[in-house]
Engineer: 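Input: one structure, supplied below.
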Amino acid sequence: MNDELYSPFWLLSPLAVLGAGLMVALVIGLTLQRFRIPKLYGAVIAGLLLGANGAGFIDRALLTQFQELLNGAAALVLFEVGRKMDLAWLLRSGRQGASLLLATLARGAAAAVTLGLFGLPWGASIFIGSILIAVNPVIHSSMVADENASGTSTFATSNMVGLSNFVALLALGITLAWTRSHGQDADSGFWTELMRQGGKLVIGALIAVLSYGVYALATRLCKVPATLRPGMLLAALLIDLGLCSVMSASALLSLLLMGVLLRNAEKRDNVFQAQLKTAQDIGYVLLFLMSAALVDLQALLHGWTIVAALTVFAVRIAATRLALWPGTAWDMRKQHAMALSMCSLVSYGGLVVDNTLNAYTGLDATSTAVMGALLALNVLLAPGLTWLGLHLAGETYRGGAQ
């Protein structure tokens, strides 16, 4: 009894470990922010110290127990990304909107070609390239919020984050169908698999419309004022996420669409930013803490792998910059800044959301190693480069350190 009482293992409660990790990340992050270092690096340091590369307290087994909590954090982040997408502007902006779409497509194509030239199988290269179309919403949204960034280039990149994730989902549906239908354990043809992947997107979209309809109906029946609607919105987001989970639908598409509907279909005043800001800030830290805890820094120790990953990382930035050239609304400096702030990437798990901790295992060992190195570089480099891009654009308005 006494041995149990004084045993240190009571400290290893999964909830206590996750709470301690979040506390360490926030303390380090807020301390770094006083020295004008991106707060998100607090989550990086905490994840590396407590995760697979450090003490090993935070691992996949632990995080699996909090999958629903992590999905809830992802729901808030993805909803905010969708809420910043201005469809009317994208459609009427002409060369600006076209250049954002071109940059989105160019990132994935350039990454796929680069990986193929490094000797990876073309099927795997195109599959990874479809993932690398997307910009990481956690990194960009966190940096924009922390630095209070606003302006023409920040508005454009916020739209591009949502656009890139939409396009990546569509591309991933096609490439995943091809990869799974041509793998060694394939049990169905390409068109069958494509219909299966497309069905997940369609069901996700329908769930978004249903959840938004429930929210709109509930708030109108009760005649709820704007200041009291965030609670109902959160309930609708949880309904959306839960339905996507049980129906194996695309949660990322559904949550993005919820944000898009609120921005573009809702005509009433919205005041959600202030009410949900604290929850979203915690969500940013929690999700990036998870990413840092699970990242494999060993992937960076292999010379060929790190060279390939660094090259792909740089090529994505260069492709984005070249594709922005037709956009006349931004000068050269802002285009450089936008390319830097769009450098981050997501994992396969980040795109499917409701299966965050389960990496796709259909790739060969070499391709998996390169993807692991890319994710490690993303954790170490992307927050700083995104921060640098926002500052280069001259659109940050955060006050001095407190």
Side-chain angles (χ1 to χ4, degrees), residues 37-38 40-41 43-56 58-60 106-136 138-140 143 164 168 175 179 288-322 339-351 357 359-389:
I37 298 173
L40 207 58
Y41 276 114
V44 174
I45 295 172
L48 294 179
L49 290 175
L50 300 177
N53 298 282
I58 301 178
D59 56 14
R60 292 182 185 276
R107 266 196 309 277
V113 170
T114 303
L115 290 170
L117 293 176
F118 267 98
L120 269 64
W122 282 106
S125 299
I126 295 172
F127 175 74
I128 294 176
S130 66
I131 296 173
L132 298 185
I133 289 173
V135 175
N136 193 307
V138 174
I139 294 177
H140 185 269
M143 292 299 150
S164 71
T175 58
T179 303
F288 213 68
L289 170 67
M290 178 197 74
S291 298
L294 299 182
V295 74
D296 182 14
L297 291 183
Q298 298 292 326
L300 298 178
L301 300 180
H302 304 288
W304 178 89
T305 303
I306 183 59
V307 170
L310 280 170
T311 302
V312 171
F313 209 85
V315 164
R316 286 179 78 248
I317 297 174
T320 302
R321 174 62 187 88
L322 288 174
L340 277 179
S341 61
M342 293 289 97
C343 71
S344 59
L345 55 96
V346 301
S347 65
Y348 170 76
L351 280 175
L357 301 177
Y360 179 58
T361 58
L363 297 175
D364 60 278
T366 302
S367 301
T368 300
V370 172
M371 192 65 200
L374 281 166
L375 294 175
L377 285 178
N378 186 63
V379 165
L380 298 175
L381 299 181
L385 291 176
T386 303
W387 179 90
L388 180 61

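Quick caveat, the model's predicted, so the values are computed rather than measured. All values below come from the heavy atoms of this structure, side chains included, with hydrogens, waters and symmetry mates left out.
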Engineer: Scan Ser164, Ser291, Ser344 and name whichever one has a side-chain contact (heavy atoms from CB on, under 4.5 Å) with Asn136.
Structural biologist: Ser344
Engineer: For Ser125 and Gly116, indicate whether the former's side chain and the latter's backbone hold a donor-acceptor pair under 3.5 Å.
Structural biologist: yes
Engineer: side-chain contact (heavy atoms from CB on, under 4.5 Å) for Leu375 and Leu345? Distances and angles first, verdict last.
Structural biologist: CA-CA 8 Å; Leu375 294 175; Leu345 55 96; 3.5 Å; yes
Engineer: If you define the side chain from C-beta out and look only at heavy atoms, does anything of Ile58 sit under 4.5 Å from Met290?
Structural biologist: no
Engineer: State, with a plain yes or no, whether a side-chain heavy atom of Trp387 is found less than 4.5 Å away from one of Ser341.
Structural biologist: no
Engineer: Walk me through whether Phe118 and Val370 qualify under side-chain contact (heavy atoms from CB on, under 4.5 Å).
Structural biologist: CA-CA 10 Å; Phe118 267 98; Val370 172; over 6 Å; no
Engineer: Heavy atoms, side chains only, cut-off 4.5 Å: are Leu340 and Thr386 in contact?
Structural biologist: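 Side-chain contact under 4.5 Å: no.
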Engineer: Closest heavy-atom contact between Ala168 and Ser130?
Structural biologist: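 Minimum heavy-atom contact is CB-O, 3.6 Å.
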Engineer: Of all the heavy-atom pairs spanning Ile128 and Met371, show the shortest one and how long it is.
Structural biologist: CG2-SD, 3.6 Å
Engineer: Any idea which heavy atoms bring Val295 and Ala376 closest together, and the distance?
Structural biologist: CG2-CA, 3.2 Å
Engineer: Got a donor-acceptor contact below 3.5 angstrom from the Arg316 side chain to the Gly108 backbone?
Structural biologist: no
Engineer: Search all heavy atoms of Ser367 against all heavy atoms of Ala124 and return the closest pair with its distance.
Structural biologist: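 Heavy-atom minimum between the residues: OG-CB, 3.4 Å.
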Engineer: Would you name the heavy atoms of His140 and Met342 that are closest together and state the gap between them?
Structural biologist: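 Closest approach of His140 to Met342: CD2-CE, 3.4 Å.
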Engineer: Taking it one step at a time, do Leu48 and Leu380 satisfy side-chain contact (heavy atoms from CB on, under 4.5 Å)?
Structural biologist: CA-CA 10 Å; Leu48 294 179; Leu380 298 175; 4.3 Å; yes
Engineer: Heavy atoms only: give me the nearest Ala319-Ala106 pair and the separation to one decimal.
Structural biologist: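 Taking every non-hydrogen atom into account, CB-O, 3.8 Å.
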Engineer: Less than 4.5 Å apart, any side-chain heavy atom of Leu381 and any of Cys343?
Structural biologist: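 They are not in contact (no side-chain heavy atoms under 4.5 Å apart), so the answer is no.
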Engineer: Checking side-chain contact (heavy atoms from CB on, under 4.5 Å) for the pair Ile139/Asn378: CA distance, chi angles, key distance, verdict?
Structural biologist: CA-CA 10 Å; Ile139 294 177; Asn378 186 63; 3.8 Å; yes
Engineer: Evaluate the side-chain proximity of Thr366 to Trp304: yes if any heavy-atom separation is below 4.5 Å, no if none is.
Structural biologist: yes
Engineer: Going from CD1 on Ile126 to CG on Leu115, what distance comes out if it is rounded to the nearest 0.5 angstrom?
Structural biologist: 10.5 Å
Engineer: Could you give the distance from CG (Leu120) to OG1 (Thr368), rounded to the nearest 0.5 Å?
Structural biologist: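 If I round to the nearest 0.5 Å, the distance is 9.5 Å.
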Engineer: Just wondering, do Met143 and Leu385 contact through their side chains at under 4.5 Å, heavy atoms?
Structural biologist: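 Contact flag for Leu385/Met143 side chains = no.
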